[in-house]
A.B. asks: 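What follows is a structure written as structure tokens; I'll ask about it next.
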Amino acid sequence: MSGRFVVVGAGTMGLGIAYVAAGAGYAVELVEVDRSRAEAAAARLGELWDRAVARGKLDAGQAAANRERLTLRAALAQVAPEPDVVVEAVPERADLKRTVLGEAEALRPALLGSNTSSIPIAELAEGLARPERFLGLHFFNPVWAMALLEVVVGPATAPATTDAAVALAGRLGKDPVVVRDMPGFATSRLGVTLGLEAIRMVADGVAAPADIDKAMVLGYRHPVGPLELTDLVGLDVRLDIARTLQAAYGDRFAPPPLLVEMVAAGKLGRKSGQGFYTWTDGRKADGPATGEGASA
Ligand code: NAD
């Protein structure tokens, strides 16, 4: 199978989406404006393919073919027109996403998606010339391990676009849910609620982070506790989502002061080496992180 798939933003999510799309046979262009981020993403993708070979999940020839299907770009202007799919995975800020989506739409993709965790699709579609081709394609972290694709249908999304997104999920090996366009959709609204309350519990001194997480893993069978999950997602990402949900639903989503302080201090979780846990080379200092089961 062929086709051209463009991903904008080579952060945590963008590189994961690019990895999965290359594995599904797409020629992938991964657009990243920050050169050091682009280099880090290329290195990480190399590690992922090497690891897949070492674990017997891909043979060396498949991994090499997937690698060859991926090209890094420094700007959307370097991408040829009329790709099959464009997915933006830039930071969770509506103004930035609208700018990127406007540039992406100028390429006339058949399907245009946003990986937003919480911003309404209607808000992101403002200013688009063809909002009927646009919808939310909310992947989960780590993209190669998480089966869910939340397909968020905006008020202007055409039924054929939703059908195309569901078909895309199948090609990428994902299991879709189709949801209505409300801030936080069906996933982040619940998941972030739990994460924010866990942070308030740390601030209240209810228990140590590891014990709050253990309580949810052993007591409620969650695959990973809410604080470790916050570290995996990124505290900055969760803070942005909390602010979006606060604006939509009120102060029940107000970010706890501890979260704001930690982000200001550069404690962003796994990606910075420090969050509710200490991380070295992507692993929790007191034991291997699952790295699975995260979302935003
Ligand atoms: P991130 O900060 O790790 O990565 C974003 C990347 O976008 C950065 O590398 C940045 O340099 C790049 N960027 C910024 N402006 C750009 C532009 N104009 N063109 C190209 N690249 C640009 O963020 P992330 O965690 O990957 O999150 C991205 C999106 O995915 C957000 O909307 C977030 O809410 C959503 N999301 C995150 C998770 C998660 O677990 N982290 C899960 C699901 C969805």
Side-chain angles (χ1 to χ4, degrees), residues 6-20 29-45 72-79 86-107 113-121 123-124 136-152 174 177 183-192 195 224 226 228-245 263 266 268-272 275 282 289-296:
V6 180
V7 184
V8 192
T12 308
M13 296 306 292
L15 80 86
I17 297 166
Y19 178 85
V20 168
E29 290 168 88
L30 178 55
V31 182
E32 171 60 59
V33 286
D34 179 327
R35 183 197 274 251
S36 64
R37 286 284 211 140
E39 283 166 5
R44 177 81 178 121
L45 283 163
L72 277 156
R73 305 274 188 215
L76 264 170
Q78 296 173 358
V79 175
V86 177
V87 178
E88 72 73 22
V90 300
E92 188 77 348
R93 291 197 296 275
D95 52 345
L96 172 63
K97 285 188 183 290
R98 271 195 296 264
T99 303
V100 167
L101 288 166
E103 288 170 19
E105 189 185 51
L107 297 172
S114 170
N115 191 47
T116 178
S117 308
S118 60
I119 305 170
I121 295 308
E123 204 179 303
L124 295 178
L137 293 174
H138 186 198
F139 291 86
F140 290 78
N141 179 19
V143 183
W144 49 89
M146 300 294 283
L148 183 62
L149 178 64
E150 191 174 34
V151 175
V152 186
K174 301 298 171 200
V177 290
F185 318 128
T187 47
S188 304
R189 187 166 161 183
L190 274 180
V192 170
V224 61
E228 182 173 338
L229 184 52
T230 300
D231 271 11
L232 293 172
V233 169
L235 274 67
D236 51 340
V237 175
R238 284 230 144 154
L239 178 58
D240 284 340
I241 298 169
R243 286 183 169 142
T244 301
L245 296 181
V263 171
L268 307 182
R270 178 164 66 171
K271 64 185 163 189
S272 74
T290 60
E292 312 281 317
S295 74

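In listed order, ligands and their atoms are each counted from 1. Only a predicted model underlies this, so the values are computations on that prediction, with no experimental measurement involved.
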A.B. asks: Which ligand 1 atoms are under 4.0 Å away from a heavy-atom of His138?
C.D. replies: 43 (C), 44 (C)
A.B. asks: What part of Val237, side chain from CB on, backbone N/CA/C/O, both or neither, has a heavy atom under 4.0 Å from ligand 1?
C.D. replies: side chain
A.B. asks: For ligand 1, is there an atom lying under 4.0 Å from some heavy atom of Glu103?
C.D. replies: no
A.B. asks: Between Glu150 (side chain only) and Phe185 (backbone N and O only), is there a donor and an acceptor less than 3.5 Å apart?
C.D. replies: no
A.B. asks: Check whether Ser188 reaches the backbone of Ser117 with its side chain - one donor and one acceptor, N or O, closer than 3.5 Å.
C.D. replies: yes
A.B. asks: In ligand 1, which numbered atoms sit nearer than 4.0 Å to a non-hydrogen atom of Val31?
C.D. replies: 20 (C), 21 (N)
A.B. asks: Measure from the side-chain N and O atoms of Lys97 to the backbone N and O of Leu124, and report whether any donor-acceptor pair falls under 3.5 Å.
C.D. replies: no
A.B. asks: Is the shortest N/O to N/O distance between Glu32 and ligand 1 below 3.5 Å?
C.D. replies: yes
A.B. asks: Would Thr12 count as a polar contact of ligand 1, with the cut-off being nitrogen or oxygen pairs under 3.5 Å?
C.D. replies: yes
A.B. asks: For ligand 1, note which part of Arg37 has a heavy atom under 4.0 Å away: side chain, backbone, both or neither.
C.D. replies: side chain
A.B. asks: When you check the gap from the basic side-chain N to the acidic O, do Arg73 and Glu29 get nearer than 4.0 Å?
C.D. replies: yes
A.B. asks: Heavy atoms only, cut-off 4.0 Å: how does Phe140 contact ligand 1, side chain, backbone, both, or neither?
C.D. replies: neither
A.B. asks: So, for Leu245 and Ser118, which heavy atoms are closest and what is the spacing to 0.1 Å?
C.D. replies: CD2-CB, 4.1 Å
A.B. asks: Looking at Ser272 and Gly266, would you say the former's side chain and the latter's main chain have a donor-acceptor pair under 3.5 Å?
C.D. replies: yes
A.B. asks: Using a 4.0 Å cutoff against the non-hydrogen atoms of Val100, which atoms of ligand 1 qualify?
C.D. replies: 18 (N)
A.B. asks: Output yes when Lys271 and Asp231 qualify as a salt bridge under the 4.0 Å nitrogen-oxygen rule, no when they do not.
C.D. replies: no
A.B. asks: Give a yes/no on ligand 1: does Glu88 have at least one heavy atom closer than 4.0 angstrom to it?
C.D. replies: no
A.B. asks: Is it the case that ligand 1 has an N or O less than 3.5 angstrom from some N or O of Thr116?
C.D. replies: no
A.B. asks: Donor-acceptor check, side chain of Asn115 to backbone of Phe139, threshold 3.5 angstrom: yes or no?
C.D. replies: yes
A.B. asks: Out of curiosity, is Gly234 lining ligand 1, as in a heavy atom under 4.0 Å away?
C.D. replies: no
A.B. asks: Within the 4.0 Å heavy-atom shell around Val8, which atoms of ligand 1 are there?
C.D. replies: 19 (N), 20 (C)
A.B. asks: Does any N or O in the side chain of Glu123 come within less than 3.5 Å of the main-chain N or O of Ile119, such that one atom is a donor and the other an acceptor?
C.D. replies: no
A.B. asks: Please check if the side chain of Glu92 supplies one atom and the backbone of Thr116 the other of a donor-acceptor pair under 3.5 Å.
C.D. replies: no
A.B. asks: Considering both backbone and side-chain atoms of Ile241, is one of its nitrogen or oxygen atoms within less than 3.5 Å of a nitrogen or oxygen in ligand 1?
C.D. replies: no
A.B. asks: Examine the proximity of ligand 1 to Val233 and report which part, side chain or backbone, both or neither, has a heavy atom under 4.0 Å away.
C.D. replies: both
A.B. asks: Tell me which one of Pro91, Gly9, Gly16, Pro142 gets a heavy atom nearest to atom 14 (C) of ligand 1.
C.D. replies: Pro91
A.B. asks: Roughly how far, to the nearest 0.5 Å, is CG of Leu232 from CZ of Arg238?
C.D. replies: 9.5 Å
A.B. asks: Nearest heavy atom to atom 34 (O) of ligand 1: which of Ser117, Ala94, Ala75 does it belong to?
C.D. replies: Ser117
